[in-house]
Amino acid sequence: MSNTLTLIATFTAKPGHEQRLRDELQAMIAPSLAEEGCIAYQPYTHPTRADRMVIVEEWVDAAALEHHFTLPHFEHVAAVLDAILAEPFTLRRLTDVPA
């Protein structure tokens, strides 16, 4: 059984900031995937609401995710998100169901 941590982050952009949100989250893919503890990092858009996005991430463990939060690319996007989101983003942490 795996002990990975899956994270689902949801975002809602302020009106007029939809493309900026998309661009900033897309820019997070490569540096996040390059991190040693990152297994998956994929943004998704809502099919009918351009202002809404979700990122589904998978990390080897909670320590890898906590390290991610300290890196420059995360600190950059966190500062940008403060200015372009209509509401604070949400994070859901999920773990495997025990067998």
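In what follows, residues are counted from 1 in the order of the sequence shown. Just the heavy atoms: all of them, side chains too, but no hydrogens, waters or symmetry mates, feed the values below.
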**Prompt:** Where do Met53 and Arg22 land on the side-chain contact (heavy atoms from CB on, under 4.5 Å) test, with the steps shown first?
**Reply:** CA-CA 8 Å; Met53 289 193 70; Arg22 185 178 327 268; 4.0 Å; yes
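- Neither Leu33 nor Leu71 shares a network with the other; the hydrophobic side chains, linked directly or stepwise wherever heavy atoms of I, L, V, M, F, W or Y lie under 4.5 Å apart, form separate groups for each.
- Around the NE2 atom of His17, the shell of radius 6.0 Å holds more than 12 heavy atoms that belong to other residues, nucleotides or ligands.
- Under the 4.5 Å side-chain heavy-atom criterion for Ile, Leu, Val, Met, Phe, Trp and Tyr, Ile8 and Leu5 are members of distinct hydrophobic clusters.
- The side-chain heavy atoms of His68 and Met28, taken from C-beta on, include a pair separated by under 4.5 Å.
- Closest approach of Ala64 to Gly37, counting heavy atoms only: CB-CA, 3.7 Å.
- Neither side chain, Thr6 nor Glu58, offers a donor N or O lying under 3.5 Å from an acceptor on the other.
- Proximity of Tyr44 to Ile55: side-chain heavy atoms (C-beta onward) are nowhere separated by under 4.5 Å.
- Using cut-offs of 30° and 60° for the angle between ring planes, the Tyr41 and Trp59 rings count as perpendicular.
- Here Ile29 contributes atom CD1 and Glu57 contributes atom CD; the two are 10.5 Å apart, rounded to the nearest 0.5 Å.
- Hydrophobic clustering (ILVMFWY, side-chain heavy atoms < 4.5 Å, transitive): Phe74 and Val56 are in distinct clusters.
- If you take NE2 on His73 and OG on Ser32, they are separated by 4.0 Å, rounding to the nearest 0.5 Å.
- Residue Asn3 holds its CG atom at 8.5 Å from CG of Asp61, rounded to the nearest 0.5 Å.
- Leu21 places a side-chain heavy atom less than 4.5 Å from the side chain of Leu81.
- Taking 4.0 Å as the cut-off between side-chain N and carboxylate O, Glu24 and Arg20 count as a salt-bridged pair.
- Listed by first and then second residue, the salt bridge (Lys or Arg N to Asp or Glu O under 4.0 Å) pairs that reach into residues 30-54 are Arg49-Asp51, sequence neighbours excluded.
- Between Leu7 and Leu91 there is a side-chain heavy-atom pair separated by less than 4.5 Å.
- Taking CD from Glu18 and OG1 from Thr12, the interatomic distance works out to 10.5 Å, rounded to the nearest 0.5 Å.
- Considering every non-hydrogen atom in both Thr70 and His67, the closest pair reads OG1-O, 2.6 Å.
- To the nearest 0.5 angstrom, Phe11 atom CZ is 7.0 Å from Leu85 atom CG.
- Hydrophobic clustering of Ile, Leu, Val, Met, Phe, Trp and Tyr side chains at less than 4.5 Å, counting indirect connections, keeps Leu94 apart from Phe69.
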